[in-house]
Each structure stands twice: as C-alpha cells, then as structure tokens.
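Single-structure report; data block below.
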Amino acid sequence: MHIPGLTLIAESINDSVPSTHALFETEDMGGIIELARLQAEKGADYIDVNVGYRSPGFMATVVQKIQEYITLPLSIDTPDPEIAAAGLAVYDPGRAGNRKPILNSISEARLEMFDLYAQYPFIPILLATEGKDSLGGIKMNLSAEETYATAQSIMQTARERIPSVRNDELIIDAGIMPIGSDSSGNFRRLMETLRLMHEESDFTGVNRSVGLSNFTVMLPAQKGDGSPVKGPLESAFLTMAMPLGLNMIVGSVKRKYMILPQDHPAMQCLQDALKLEGLDVIMRVMSYIA
Amino acid sequence: MQEIIDKIAVCIELGKISKTTPFPPHMKDQDGADEIAAAALQQGVSPDALLAGCMQGMERVGKQFSENLIFVPNLLMSAAAMNAVMKHLKPFLESGAIKRKGTFLIGTVAGDLHDLGKNLVSMTIKGGGFEVIDLGVDVSTEKFLNAVAEHPGCSVGISALLTTTMVNMEKTVKTIKEHHPDVKVLVGGAPVTENFCRQIGADFYSPNPQGAVDYLNRLVA
C-alpha cells in the first residue's frame, strides 16, 4: 500500500466526508477515535483533522481525544486561524514522539496564521494556488509561472516568519484539481509547477504535497467493465509526479497507491491529457472511464 | 419537427457537440447539435422548438446526474453541446423573439475562488430555459445587491466551497433579503446543508443542479 518515499496524511477525519460529518454532528468521539485508529493501523503517517464549520473548542476536543489513543502526529486542517489555534494549543508533541503537527494550510490570504508559530510550533502546508494580485486582492493562479511565483514568495515569507526553519519542515501544495473537469489546463499547470520547483535548488528538501483525492473527485468509482477508475488515475499521477519531487499526499488509507508501468491505460490517459486542450481533455478522460 | 427536437435533445443528453467531435464514440462522424440546429432553423423549425429540445436534453442530463448515473465530465460535454445550439439561438434570444422563463443571477461568495459548482449549476439552469447572469467568483455582497437591482424579478444563486466563506454567504443572503425581501435566494456548495440554508434565511438548498432548476420551475409555474 505504501510507496517508498511517499508520506501519507490520512484524510478521513474531515467534515466533508458524509460518514465523518455524521460522527461530528452526534459528537461521537468513540467513532472518531476508531476512525483515527483504523487509519493509523493502515499505514497513515499523519492523521488529518478537519472539523469544518464548528467551534474552536470542538477542534480542541477532537485533537485531545485522538491523542489519548493515537501516537501519530496530527495535521490540523482549517483555514480559520481561531480553529487552528485551538487545535495547536492542545496538541501534545510528547504524545507523538516529539513531532510537530502539520498546519494545513497557510495561503497568501491568511499569512497571520504564522503568528501562531511562536507559541505552538508546526510544519506548515504552504498553499501556492492563490496569490496576491496587483491591487493586493487574492487571485487564483492560472499558470505554472504564477503558481511557482507564489510558491517562492510564500516560502520566503515562511523563512522570515519561522527563523532558521529547515527545508524539510516546510510543505508546498501547488494545488490539484479534478481531472474530470479540467478543460483549462490545470493538470498541466500543476505538473509544470512541480518541474519548476524540482529544477530550483532553493526548493531542495522542501516537501511537496497535494490533496490527491481531489484529482478524481466527481468521477465514477468504476469503469463500464467494473474495474476501478480512481485508484489507477491517482497512481498514474503519483508515477508522473514523484520523479518531479512530490513526496507527500493528503489521501486515503483505503487506496492502493502504486507506481504504474508506462504502458498502463491510466498512464496513457494522463500523458495524453497533458498534451490536449479544452474539452479534448474531458473526452480523453471519458474514453478512459468508458 | 418533433423529430428535430428529439435529435437535439439526444445530442445534448449524450454530449454530441458537432460532426467533428469524436465523443460519444458511437456517434462519430454523425451530425452533432451544431449541424442539426443550423439545419433546423434553415428548414423553418422555430427557435422556440430548438430551445425546447435543449431543455429536454438538459433535463435528462440533470436527472441522471442527480441519480449518479452520469458524472461531471458528461455534464460538461452536454453543456458544450447545448452551447452549440445556443450559438444559433443567440440572435433570437437577443431580439426577444424567444422568451425565457426568468432571470437567474449566480456567483461564488466573497473570499471564495471556486467556480466549478457554480458553473455546473449555471449551465443546468441555462438549459432549463432561464437567462443566467454569471457574476463570477469572489462576489461581494454589494455586487450581488447591485445586480439584483438591475434585474427586477430575478432569483439569486450563491455558491461556497469553503467552510470559512460560508460566513460570507450568511451576510450576503441577509443583506439581499433586507433590501429585496421578495427575491428568492438559492444556496449550494459542498459544505452547505439544508440546515445551514434555513439558519441563514435562504429560500432553497439543493445538493445537485437539477434541484435548483426544479425549484425555479415551480416559482414560475
């Protein structure tokens, strides 16, 4: 299940997962702990914790409860500084082999989250998908060059805000979008951004991560012949992205990630998709899943 | 004429855009929505009938999508086929020769740059026979308010993908309702729920695009 050199941040404790949402709604801490334990057993390196639109106190309780039973480090997943602070404040590195938690994530739109570091040290996921526009507003990065520029600038900010931070205590997320709706070249943007970072020595040792399940979201689980769709496409992505320095994912412990041979149909689909434009990408994906 | 409407509906349902598009494979080299619409108008088929064909096709697509029988790529192909027909209908829509059922404003809430959900809803509602005015992403409350004022009688759809921007959704809905209590506001997006919709005073929530079309159809019925 594990690909050597790939760190897995296990994604299931997330409010957007319907079964987990139900656990949160009923405050079923036993169920949440069980889910954490299951992911730990199945090879997670970190357990992600995303409580959605809930109180900071709830985040704190979930973090504490999980740490009572699990000794893996956690990934505190929220864009809200208050919820993040609550989770980080109760996180006990001592319970996790003195390992810092991941903070998922900081973007140019919420740099104030670095303020939390002095009190509660963490390993930040730095989001490179959105950058500042010329008026100081936030814009989606549409090209590899823009994404790369944001990766550079937010990494620079991280080094200023976290003095003497080591490269391996930074994670860059260049953003992965659903391949099934990729009519605007997002997959190509991501691969090109990974390549640009890979070729720049300033990024050497800096972790690079994506939320891999997003890649196949909104696709059917199975092809017409009953064979799986999502696992092979995600594995094909890893096969192409790991040589370009990707070494971390937020993903599922249930998925059998693997390195695929070049002639695997999923590899051919993604290699074709890189060369196609617009709706031709969609049609290529549809011919793969037919 | 019925035959032409059926053909248009099938092209849209299956995502057959034009003769040159290879999808779906079994319709390769056949005429697509583009050619059939052009020929139909030449033969004197009414623009209204073509729009009816679009609506039939998109309704089937919307239903299959909400039942998980088809997926986002299919919806995108169907929307592209619909747009191929709409291109031919544009002059009739602009002159007012074809009447649409109503106007629907849509945008992603302030602070949120995600547009896929909004676009899927937008194309499905357009295919339902409504005029859709897309305000884009990161739409401020003020921009929504101005647009509502410019389009009397419209309904409004607001999308959010982030739990943090749901807060902005609440603000926008409440402000629209304060100024325009009669305007119906629809909300959607991954973190949005029926409960949240009620809590912030919006009128309707649907987990899929077709639900929104059905609701708007009930409003104009």
Side-chain angles (χ1 to χ4, degrees), chain A residues 14-18 21 25 50-54 59 77-84 105 107 109-110 127 129-131 133 137-142 175 177-184 186 214 216-222 229-230 273 278-290, chain B residues 14-18 20-28 64-65 68-81 83-84 108 110-117 119-120 123 136-138 140 160-170 189-193 195-196 199-200 207-208:
Chain A
N14 189 311
D15 188 51
S16 66
V17 177
H21 177 83
E25 284 294 290
N50 179 325
V51 299
Y53 187 62
R54 288 190 174 73
M59 171 62 100
D77 181 0
T78 174
D80 183 309
E82 277 183 47
I83 298 176
S105 60
S107 80
R110 42 179 191 271
L127 206 56
T129 50
E130 49 190 46
D133 64 21
I138 295 297
K139 64 162 174 64
M140 208 80 176
N141 289 326
L142 299 177
M177 306 293 172
I179 188 71
S181 64
D182 189 15
S183 56
S184 52
N186 239 305
N214 198 32
T216 57
V217 80
M218 298 180 294
L219 291 179
Q222 294 177 338
V229 164
K230 298 186 177 206
L279 286 173
D280 289 339
V281 177
I282 312 291
M283 286 188 263
R284 182 64 186 85
V285 173
M286 290 187 76
S287 77
Y288 172 73
I289 64 184
Chain B
L14 300 179
K16 178 67 178 171
I17 304 167
S18 70
T20 54
T21 47
F23 186 84
H26 75 274
M27 290 176 85
K28 199 166 180 283
Q64 290 168 24
F65 184 71
N68 283 328
L69 296 172
I70 60 166
F71 297 86
V72 163
N74 307 78
L75 199 51
L76 294 171
M77 295 308 295
S78 292
N83 284 335
T108 304
D112 199 326
L113 300 171
H114 294 89
D115 65 356
L116 179 60
N119 293 347
L120 296 176
M123 49 188 76
V137 297
D138 190 14
S140 66
L161 193 83
L162 302 174
T163 49
T164 39
T165 54
M166 286 167 76
V167 186
N168 301 339
M169 186 178 250
E170 176 167 8
V192 179
T193 60
N195 256 342
F196 182 73
Q199 189 187 317
I200 65 173
N208 58 61

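We name chains A, B, ... by the order of the sequence lines, and we start the count at 1 in each one.
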Could you tell me which portion of N119(B) (side chain, backbone, both or neither) has an atom closer than 4.5 angstrom to a non-hydrogen atom of chain A?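 No part of it gets close to chain A.
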Among all residues two or more places apart in sequence or in another chain, which pass the salt bridge (Lys or Arg N to Asp or Glu O under 4.0 Å) test with E25(A)?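 R54(A).
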Which atoms of S16(A) approach chain B - backbone, side chain, both or neither, heavy atom under 4.5 Å: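 Interface part for S16(A): neither.
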If you count heavy-atom pairs within less than 4.5 Å of chain B, which of [options] leads?
options                   : answer
L219(A), D80(A), V285(A)  : L219(A)
G180(A), P178(A), A109(A) : G180(A)
P79(A), G137(A), P220(A)  : P220(A)

So do the side chains of [X] and [Y] get within less than 4.5 Å of each other, counting heavy atoms only?
X       : Y       : value
P191(B) : D15(A)  : no
S181(A) : L76(B)  : yes
K139(A) : L113(B) : no
L116(B) : M218(A) : yes

Residues in ring pair (Phe, Tyr, Trp, His ring centres under 6.0 Å) contact with F71(B), at least two apart in sequence or another chain: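 Checked F71(B) against ring pair (Phe, Tyr, Trp, His ring centres under 6.0 Å); zero matches.
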Distance (rounded to the nearest 0.5 Å) between M286(A) CE and M77(B) CE: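 Output value for this atom pair is 7.0 Å.
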Just how far is it from atom CG of L279(A) to atom CD1 of I17(B), taken to the nearest 0.5 Å?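 The CG atom of L279(A) sits 5.0 Å away from the CD1 atom of I17(B).
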Name the member of D138(B), L162(B), N74(B) that forms the most heavy-atom pairs with chain A at distances under 4.5 Å.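 The candidate making the most pairs under 4.5 Å is N74(B).
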